[in-house]
Asks: 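Take a look at this one; I'll ask things after.
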Number of protein chains: 4
Amino acid sequence: MVGRPRSEASRRAILEAALRLCERDGYPNVTLKAVAAEAGTGRQTLYRWWNTKADVLLEAMTTIVAPRIPPSPPDLRSFLLDTFALTDGVAGRVVVGLMAEAQSDPDLAERLRTLLIGPRRAALRKVLEGALSSHADLDLTVDMIFGAMWYRLLNRHAPVDAALAEEITDLVRRIS
Amino acid sequence: MVGRPRSEASRRAILEAALRLCERDGYPNVTLKAVAAEAGTGRQTLYRWWNTKADVLLEAMTTIVAPRIPPSPPDLRSFLLDTFALTDGVAGRVVVGLMAEAQSDPDLAERLRTLLIGPRRAALRKVLEGALSSHADLDLTVDMIFGAMWYRLLNRHAPVDAALAEEITDLVRRIS
Amino acid sequence: MVGRPRSEASRRAILEAALRLCERDGYPNVTLKAVAAEAGTGRQTLYRWWNTKADVLLEAMTTIVAPRIPPSPPDLRSFLLDTFALTDGVAGRVVVGLMAEAQSDPDLAERLRTLLIGPRRAALRKVLEGALSSHADLDLTVDMIFGAMWYRLLNRHAPVDAALAEEITDLVRRIS
Amino acid sequence: MVGRPRSEASRRAILEAALRLCERDGYPNVTLKAVAAEAGTGRQTLYRWWNTKADVLLEAMTTIVAPRIPPSPPDLRSFLLDTFALTDGVAGRVVVGLMAEAQSDPDLAERLRTLLIGPRRAALRKVLEGALSSHADLDLTVDMIFGAMWYRLLNRHAPVDAALAEEITDLVRRIS
DNA sequence: TCGTAACCGAGACGGTACGTCCCGTCTTGCG
DNA sequence: CGCAAGACGGGACGTACCGTCTCGGTTACGA
């Protein structure tokens with residue numbers, strides 16, 4: 001026998017509530033109790049399908065935020081402009097919170113790499129393949145470009161904006 | 001009346017206990033209750049002198065960990081080797097935890113920049129000044145070098161080790 | 001149209017499962033969820049035909065336990081021996097649990113009196129009519145005899161056994 | 001070292017809140033969560049000193065209700081009048097609830113006998129010693145008198161009032 | 001004989017109490 | 001007056017059961 005099927009409405013409501021609260025209160029101040037309340041759902045419904053706050057927000061990122069990412073444009077400049085634009089909202093806060101949590105949760109770290117970080121790395125790598133003459137330093141370049149982005153996202157000593165995209169594009173053009 | 005002076009012994013015990021628990025359990029799993037217990041100190045003693053977990057660990061970083069940092073050597077290669085060596089212990093975990101917490105605590109973010117991140121940026125900048133012919137991209141280069149370090153620290157797709165130091169040194173040498 | 005008739009098998013299974021769990025876990029620890037599971041039945045089937053745990057167990061008492069009560073013998077001694085023998089099993093636990101629940105459920109209290117307690121009172125009264133010369137204290141005597149039984153059932157300072165039946169019979173014989 | 005002493009105010013507040021809720025909602029509908037809320041106390045404070053609802057209410061009975069019981073008068077009639085008067089309030093509801101819970105908690109049953117039921121039995125026994133010529137049936141008589149009381153308390157087919165006290169006194173006088 | 005209405009199991013739903021943990025504050029006595 | 005101890009009010013945790021709701025599948029009557 002089958003039983004009542006899972007409610008897609010509750011699933012969406014929970015994921016969206018989690019993002020909303022993350023935006024309002026910041027990742028570490030989000031509680032699963034508040035997510036359930038905000039989603040108008042029972043607490044058990046949440047725990048039935050996810051184990052932790054990170055689980056919920058990781059799924060929110062992959063099923064709600066990720067589809068909004070535009071398809072990778074072929075040139076580095078556009079790619080960086082698109083990518084950096086994304087960081088300026090919930091997505092940034094969430095992914096930083098997930099990253100922090102992943103530091104003491106190897107399983108989450110693994111999924112984070114596979115589902116979120118890895119694909120973006122691959123996309124940047126592909127774009128760089130067309131831009132760099134030498135392929136020797138491809139991975140290092142990826143690390144340094146996304147590194148600069150992450151570093152600024154976290155430390156906020158400078159914005160992750162169009163200007164950064166232009167500067168990086170210039171630099172890459174010169175050394176290639 | 002002046003009363004009894006603050007116990008330096010308790011202060012050290014608390015800072016060291018905080019680092020020890022951070023190493024053992026990871027930053028987000030450390031509780032101030034556990035720190036007090038580990039330090040053999042009362043809870044109120046802790047709250048009398050610090051407000052939050054981040055406060056304690058920030059002070060632990062500046063007074064226990066920072067003095068262990070060797071004085072900046074003049075060449076980039078040595079600087080990076082020294083710096084990357086530091087990340088491979090509690091220091092890395094703590095600073096990542098602080099950074100994550102700073103995302104929703106502007107005051108902590110400010111102190112983090114002033115006390116920990118800023119000085120290292122300044123040191124790298126100084127070293128780079130001797131290495132780069134053009135000074136145009138100095139800040140961007142700092143961002144990309146430390147960015148790569150942070151990015152790997154967080155995402156763990158590759159180690160922050162001597163090899164990375166060498167690769168970065170090479171790259172900088174070529175473009176300068 | 002009439003539709004599928006109620007499953008007598010499920011009904012029996014539920015009533016018997018309820019008694020079984022009452023015996024094993026005690027009335028207050030029985031949950032309707034566990035009853036349904038034990039009976040191998042759906043939860044809705046249970047709620048379709050009964051409203052509460054008390055409903056189920058009251059029906060279990062009247063349709064499964066009550067029929068096992070032997071027909072009232074004419075003499076007090078035999079009546080008490082039969083009655084007291086019944087208390088030494090699930091029946092005692094269930095009826096005490098129902099009684100406790102009835103304290104805050106007037107409707108259940110009413111049904112309990114009508115279906116379980118009243119008939120036994122009437123039976124004892126009838127037996128006593130033959131034994132007591134004066135009818136003045138008939139109701140009081142019923143209260144005191146069944147009272148002693150209940151009191152011991154609940155407080156367990158002494159057993160409800162054949163010895164009690166003999167003592168009561170003696171006492172009644174003397175005062176009649 | 002000593003630590004902060006237990007708050008007598010919280011203790012009283014909890015015991016009184018428990019009785020108040022018992023009166024308002026009935027023993028089985030009282031939750032420890034609601035007791036803490038009603039008492040204006042933290043939930044942990046409650047669990048620190050008591051394990052279960054029954055623990056709380058047993059202490060409430062012994063420290064708040066029991067002291068109100070007048071000292072045992074020498075004659076049976078007065079004793080029963082006093083005793084029956086007590087049953088007509090929270091005390092009755094609570095003690096019935098405790099008794100029901102004790103059916104599946106042997107430890108509670110033991111404490112209930114020792115702290116509440118036993119002393120009342122002893123008191124009635126003492127009063128009866130002066131009233132009954134034969135001591136043979138002393139315990140049985142205690143069982144039947146308190147039994148009648150309990151039976152009516154639970155089943156509510158007749159009140160536990162002055163009339164009952166008079167009837168029982170009469171009956172005892174006649175058979176003694 | 002076959003449609004259909006009410007049954008059945010399974011199990012997810014929103015809700016709420018459970019007992020535990022930690023928070024940051026407070027109240028003791030000792031040094 | 002700092003300190004350790006530890007109780008305080010508060011609130012989130014993850015679990016269990018509540019009573020309700022949907023599913024797909026199963027009878028057994030009556031058209």
Side-chain angles (χ1 to χ4, degrees), chain A residues 1-11 13 29-37 39-53, chain B residues 1-7 9-11 29-37 39-53, chain C residues 1-7 9-10 13 29-37 39-53, chain D residues 1-11 13 29-37 39-53:
Chain A
M1 298 248 174
V2 283
R4 180 175 174 173
R6 176 174 183 182
S7 158
E8 178 61 19
S10 290
R11 180 177 160 274
N29 301 56
V30 170
T31 69
L32 290 188
K33 185 179 187 179
V35 170
T41 200
R43 225 127 72 74
Q44 192 56 43
T45 298
L46 212 159
Y47 284 107
R48 204 185 333 267
W49 303 109
W50 298 279
N51 292 319
T52 64
K53 173 166 68 168
Chain B
M1 294 250 174
V2 284
R4 178 176 174 177
R6 176 176 182 182
S7 157
S10 289
R11 181 176 161 274
N29 300 333
V30 171
T31 70
L32 289 190
K33 183 180 188 183
V35 170
T41 198
R43 230 124 72 71
Q44 192 55 39
T45 298
L46 211 159
Y47 283 105
R48 203 184 335 265
W49 305 108
W50 297 276
N51 291 318
T52 63
K53 173 166 69 170
Chain C
M1 291 254 172
V2 282
R4 179 175 174 176
R6 175 175 183 183
S7 157
S10 291
N29 301 334
V30 171
T31 69
L32 289 189
K33 184 180 187 181
V35 170
T41 199
R43 230 125 71 72
Q44 193 55 40
T45 299
L46 211 158
Y47 283 106
R48 202 186 334 265
W49 304 108
W50 297 278
N51 291 318
T52 65
K53 173 166 69 169
Chain D
M1 300 249 172
V2 283
R4 178 175 177 175
R6 175 175 183 182
S7 159
E8 177 62 18
S10 290
R11 181 177 160 274
N29 301 357
V30 171
T31 69
L32 290 188
K33 185 178 188 180
V35 170
T41 202
R43 223 126 71 74
Q44 191 57 43
T45 298
L46 213 158
Y47 284 107
R48 205 188 328 271
W49 303 109
W50 297 279
N51 291 319
T52 65
K53 173 166 68 169

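Since we're looking at a predicted model, the values are computed, not measured. Letters A, B, ... mirror the listed sequences (proteins, then strands); counts begin at 1.
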Asks: In whole Å, I'd like the distance from the CH2 atom of Trp50(D) to the P atom of dC18(E).
Replies: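 For the pair Trp50(D) CH2 and dC18(E) P, the rounded distance is 15 Å.
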Asks: Could you say whether Ser10(C) or Gly42(A) is positioned toward the 5' end of DNA chain E, judged by the nucleotide with the nearest heavy atom to each?
Replies: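 The residue whose closest nucleotide sits nearer the 5' end is Ser10(C).
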Asks: What is the per-nucleotide protein-contact pattern of nucleotides 26-31 of chain E, from the 5' end, where B denotes a base atom under 4.0 Å from a protein heavy atom, S denotes such proximity for sugar-phosphate atoms only, and - denotes neither?
Replies: BBBB-B
Asks: Whole angstroms only, please: what is the CG-C1' distance between Leu32(A) and dG11(F)?
Replies: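 That distance rounds to 14 Å.
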Asks: Counting heavy atoms from C-beta on, name the nucleotide in dG19(F), dA12(F), dA17(E) closest to the side chain of Lys33(D).
Replies: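 Nucleotide nearest to Lys33(D)'s side chain: dA17(E).
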Asks: How many Å lie between CZ on Arg48(C) and P on dC21(F), as a whole number?
Replies: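 Those two atoms, CZ and P, are 13 Å apart.
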Asks: Might you point out which heavy atoms bring Ala13(C) and Ala39(C) nearest each other, and give the distance in Å?
Replies: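 Taking every non-hydrogen atom into account, O-CB, 3.5 Å.
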Asks: If the cut-off is 4.0 Å, is Ser7(B) near the phosphate of dG2(F), judged by side-chain N/O to OP1 or OP2?
Replies: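 No.
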Asks: Using the closest heavy atom to pick a nucleotide of DNA chain F for each, name whichever of Arg6(D) or Asn51(C) lands nearer the 5' end.
Replies: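 Closest to the 5' end, via its nearest nucleotide, is Arg6(D).
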Asks: From the options dC3(F), dG9(E), dA7(F), select the nucleotide whose nearest atom is closest to the side chain of Thr41(B).
Replies: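 Nearest to the side chain of Thr41(B) among the choices is dC3(F).
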Asks: Please output the side-chain donor-acceptor pairs of residues 40-53 of chain D that fall under 3.5 Å, not counting sequence neighbours, one pair per line with the distance.
Replies:
residue: Trp50(D); atom: NE1; partner: Glu59(D); partner atom: OE1; Å: 2.8
residue: Thr52(D); atom: OG1; partner: Ala54(D); partner atom: N; Å: 3.4
residue: Thr52(D); atom: OG1; partner: Asp55(D); partner atom: N; Å: 3.1
residue: Lys53(D); atom: NZ; partner: Tyr27(D); partner atom: O; Å: 3.1
residue: Lys53(D); atom: NZ; partner: Val30(D); partner atom: O; Å: 3.2

Asks: Could you check Ala39(A) against Tyr47(D) and say which one's nearest nucleotide on DNA chain E is further toward the 5' end?
Replies: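 Of the two residues, Ala39(A) wins.
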Asks: Take the protein atom CG of Asn29(B) and the nucleotide atom C1' of dC13(F), then report the distance between them rounded to whole Å.
Replies: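 Roughly 14 Å, once rounded to whole Å.
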Asks: Given atom CG of Leu46(C) and atom C1' of dG11(E), what is their separation to the nearest angstrom?
Replies: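 Rounded to the whole Å, the gap is 15 Å.
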Asks: By the 4.0 Å heavy-atom rule, please label Trp49(D) as base, sugar-phosphate, or nothing.
Replies: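 It contacts sugar-phosphate atoms only.
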